[in-house]
Amino acid sequence: MAGGNAIRGSRVGAGPMGEDERGESAPRQVVSYYCARGHVTSPSFAIGDDQEIPVEWDCPRCGLPGGLDQDNPPEPIRNEPYKTHLAYVKERRSDEEGAALLDEALSALRVRRGDLAVAE
């Protein structure tokens, strides 16, 4: 049979700390943020002259940005797909420019190797 004390692991006089022991709470302001999916997030911020309230706040439910205006929430962030090096090169050069560069590089390589007679 287990022995005796129902309040195991505590001491006499232990209890929740109140404002007397930890000091007064700073004045707070609750601000509502609205995301594009209709979720509402209401974090509280300390009020003060040096405190700034953020214009956007990430929604904890869906991860989209939330704004202060319920009727016009911020647009979701567009995630660009991963691009390879070749995709970036193709953005900078047309197919004709790429073919001209390739021909130039191949002819320089053939000249270095001494294969000029083969290329003709």
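- Closest heavy-atom contact between Ser32 and Leu68: O-CD2, 3.8 Å.
- Contacts of Arg92 classified as salt bridge (charged side-chain N to carboxylate O under 4.0 Å, His left out), with partners at least two apart in sequence or in another chain: none.
- Rounded to the nearest 0.5 angstrom, Arg37 CZ and Arg61 CZ are separated by 10.5 Å.
- For the residue pair Pro74 and Pro65, the shortest heavy atom distance occurs at CG-O, 3.7 Å.
- Within a 6.0 Å sphere centred on CG of Leu102, other residues, nucleotides and ligands contribute more than 12 heavy atoms.
- The side-chain hydrogen bond (donor to acceptor under 3.5 Å, both in side chains) check on Ser44 picks up nothing, with sequence neighbours excluded.
- Between Cys35 and Cys62, the shortest heavy-atom contact is SG-SG, 3.7 Å.
- Closest approach of Glu80 to Arg78, counting heavy atoms only: OE2-NH2, 2.9 Å.
- Ser42 OG to Tyr33 OH: the interatomic distance, rounded to the nearest 0.5 Å, is 10.0 Å.
- Contact record, Thr41 with Pro60: OG1-CD, 3.2 Å, taken as the closest heavy-atom pair.
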Would you give me the side-chain donor-acceptor pairs under 3.5 Å for residues 51-58, sequence neighbours excluded?
none

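- Shown here is Glu104, whose CD atom has no more than 12 heavy atoms of other residues, nucleotides or ligands within 6.0 Å.
- Distance check, rounded to the nearest 0.5 Å: CG of Leu64 to CD of Glu75 gives 10.0 Å.
- Two residues are said to be in side-chain contact when any heavy atoms from C-beta on lie closer than 4.5 Å; Pro43 and Phe45 meet this criterion.
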